[in-house]
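Report on the following structure.
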Amino acid sequence: MCRFESIIAYRSRIFFAYFADSNSRVIRYLLLYSILHNTGETGIGKSTLMDTLFRKNFDTKPAAHNDNEVTLKEHRHDMQEKQVRLKLTIIDTVNFSDQIDKSESYKPIVKYIEDQFESYLQEELKVRRALHAYHDTRVHVCLYFIPPTGLTLKELDIATMKALEKRVNIIPIIAKADSITKPELLQFKTNIIQKLKEHKVHIYQCPTDDPIVAKANQKFNEDMPFAVVGSTEEIKQGGKTIRARQYPWGIVQVENEQHCDFVKLREMFIRTNMEDLRETTHSVHYELYRKTKLSEMGLVDDDKKSLQEAYQEKKREHKQNMERAEENVRENFIRRVKVKESELKEKEKELHDRYEELKKQHSEEKRKLEEDRDRLKAEMEDFNKRKTLGSSKRKK
């Protein structure tokens, strides 16, 4: 929904937004925006950067990292400044890269993004849909945090961004950029870009077709990945209050472009291209998901039929297929029952034959025992007779 009045709203999700001290027209008409929160390793400074971008302490409680699986946790915030109201959703990737086997760490993230697409698609396919009132939960941008190793991307980083590139806008960020020297940082950026090109990983590219922002966006594209430093501490310097990180050897100013790329990230992401990120999500990433799902359902472009007619036709075909499948299951069940009955009858016959055989053997053994008993009895009687006869002779 869109109202160019005191408040103008867009229902969408993005990683984070920043609108304090901004005169940008993009910020002035933004209302609802959500973020698929920071994808990156644990303890890399994601939450601190969120607080820095919004100039707000979100008081995000550290998640327990006792589970072996990656989970996604939503944090919803309502923010307002003058005529601008922002509904922000930050989705954190808990336990990402904490496992021994990291090969499937990205799959819960992919599933989460696709689940949001599926929810929106189901709303679109309703006979009585209400997209104007639907709470759109699609993800518009993924801020991918890269640890400042000074080397290059890990295999997990490549696999994750490769899996996400067709589902969400990816903006790579080098976290804690003050932990390596400037020459190391420049070489690190070069290594990252080379690795991305080598594996054909597509990250978000700012549009350069608008002459008003073409020059700035071209520079933003050249400066990616952004090396940033986050801090919620405020320090007095030269009569001004600045956000910085203080060390024994000096301070690192968050908004000093000589120290880090935080200002470039803020300008590119929030003040210049936030609306393009939203549009790209809908017209590119969601449209690709929608096209794939509808193709799987057998729905194709046809001037003679509307989408609803094609959907109803496919629904009838699906019902017929289910009925045929049910009939096949019933027939298979009956066939298997008959086979089982035949097997049981055969088994019963075998048992009966075995019983008769054992019965016959028992009768034969009984007959032999009775014959042996009769013979033994006759022998005993004959023996007793001879014994009696012998005793009579001795007496005479």
Side-chain angles (χ1 to χ4, degrees), residues 13-17 34-50 52-53 70-73 89-99 102-114 116 138-177 179 185 188-206 220-221 223-230 260-262 264-266 268-270 273-274 277 280-281 284-285:
R13 305 191 77 147
I14 190 168
F15 273 167
F16 41 29
S34 309
I35 300 172
L36 165 64
H37 185 246
N38 326 326
T39 302
E41 296 181 1
T42 301
I44 205 170
K46 301 187 294 291
S47 299
T48 301
L49 185 61
M50 294 296 101
T52 308
L53 278 168
V70 177
T71 57
L72 281 82
K73 186 176 181 181
T89 302
I90 299 174
I91 304 98
D92 195 6
T93 53
V94 182
N95 296 319
F96 182 80
S97 187
D98 287 353
Q99 300 78 22
K102 303 177 176 62
S103 59
E104 297 185 353
S105 293
Y106 63 87
K107 290 187 176 180
I109 304 174
V110 171
K111 182 180 182 303
Y112 177 87
I113 296 173
E114 291 188 342
Q116 313 316 309
R138 292 175 296 177
V139 176
H140 295 106
V141 64
C142 168
L143 297 180
Y144 194 92
F145 285 71
I146 303 169
T149 62
L151 302 175
T152 188
L153 293 173
K154 300 177 182 178
E155 291 300 321
L156 175 61
D157 298 326
I158 295 296
T160 302
M161 285 192 274
K162 195 69 178 174
L164 296 178
E165 64 177 359
K166 293 184 179 180
R167 297 173 172 88
V168 67
N169 301 305
I170 301 174
I171 299 177
I173 294 175
I174 300 174
K176 297 184 177 180
S179 62
L185 184 59
F188 189 31
K189 282 190 174 185
T190 301
N191 295 344
I192 291 173
I193 295 300
Q194 289 178 349
K195 198 74 171 179
L196 292 174
K197 290 181 178 179
E198 178 185 341
H199 291 274
K200 298 180 179 179
V201 177
H202 301 286
I203 59 176
Y204 175 72
Q205 292 293 298
C206 304
F220 292 146
N221 290 335
D223 289 339
M224 287 193 206
F226 297 110
V228 299
V229 176
C260 71
D261 296 334
F262 174 82
K264 296 177 183 178
L265 172 64
R266 184 182 66 194
M268 184 280 292
F269 172 51
I270 297 171
N273 297 294
M274 180 172 279
L277 287 164
T280 303
T281 298
V284 178
H285 299 301

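Smallest separation of non-hydrogen atoms from Ile170 and His202: CD1-O, 4.4 Å. The nearest pair of heavy atoms linking Ala227 to Ala177 is CB-CB, 3.6 Å. Residues Thr152 and Asn191 approach most closely at OG1-O, 3.6 Å, considering heavy atoms. Taking every heavy atom of both residues into account, Asn273 and Cys206 meet most closely at ND2-SG, 3.5 Å. Residues Lys176 and Pro148 come closest through the heavy atom pair O-CG, 3.7 Å. Across all their heavy atoms, Lys73 and Val94 have their closest contact at CB-CG2, 4.2 Å.
In this structure, OH on Tyr112 lies 11.5 Å from OG1 on Thr93, to the nearest 0.5 angstrom. Remark: Phe96 CZ to Thr160 OG1 distance equals 3.5 Å, nearest 0.5 Å. A distance of 9.5 Å separates OH of Tyr106 from CG of Leu156, quoted to the nearest 0.5 Å. Separation of atoms CE (Met161) and CD1 (Ile146) is listed at 5.0 Å; rounding is to 0.5 Å. The CD atom of Glu165 sits 10.0 Å away from atom CG of Leu196, with the distance rounded to the nearest 0.5 Å. Of the inter-residue distances, the one linking Phe220 atom CZ with Asp223 atom CG reads 8.0 Å to the nearest 0.5 angstrom.
Listed by chain and residue number, Asp115 satisfy the salt bridge (charged side-chain N to carboxylate O under 4.0 Å, His left out) test with Lys111 (two or more places apart in sequence, or in another chain). Partners of Glu114 according to the salt bridge (charged side-chain N to carboxylate O under 4.0 Å, His left out) rule, which considers only residues two or more places apart in sequence or in another chain, are Arg167. By the side-chain contact (heavy atoms from CB on, under 4.5 Å) test, Lys166 pairs with Leu288, sequence neighbours left out.
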(request) Start with the C-alpha gap between Ile171 and Ile203, add the side-chain angles, then the distance that decides, and say whether side chain to side chain contact (heavy atoms under 4.5 Å, CB included) holds. (result) CA-CA 6 Å; Ile171 299 177; Ile203 59 176; over 6 Å; no
(request) Go through the steps to decide whether Lys195 and Ile192 satisfy the test side chain to side chain contact (heavy atoms under 4.5 Å, CB included), and finish with yes or no. (result) CA-CA 5 Å; Lys195 198 74 171 179; Ile192 291 173; 5.7 Å; no
(request) Starting from the C-alpha separation in whole Å, work towards a yes-or-no answer on side chain to side chain contact (heavy atoms under 4.5 Å, CB included) for Tyr204 and Val141. (result) CA-CA 9 Å; Tyr204 175 72; Val141 64; over 6 Å; no
(request) Before giving the answer on salt bridge (charged side-chain N to carboxylate O under 4.0 Å, His left out), spell out for Lys162 and Asp157 the whole-Å C-alpha distance, their side-chain angles and the decisive distance to 0.1 Å. (result) CA-CA 8 Å; Lys162 195 69 178 174; Asp157 298 326; over 6 Å; no
(message) As a quick check of understanding, evaluate side chain to side chain contact (heavy atoms under 4.5 Å, CB included) for Phe226 and Ile174, giving each step before the final call.
(response) CA-CA 6 Å; Phe226 297 110; Ile174 300 174; over 6 Å; no
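Side-chain contact between Met224 and Met268 is present, with heavy atoms from C-beta onward closer than 4.5 Å. Contact of the Pro225 side chain with the Ile173 side chain is not registered, since no non-hydrogen atoms from C-beta on lie closer than 4.5 Å.
One N or O on the side chain of Asn169 and one on the backbone of Leu277 form a donor-acceptor pair closer than 3.5 Å.
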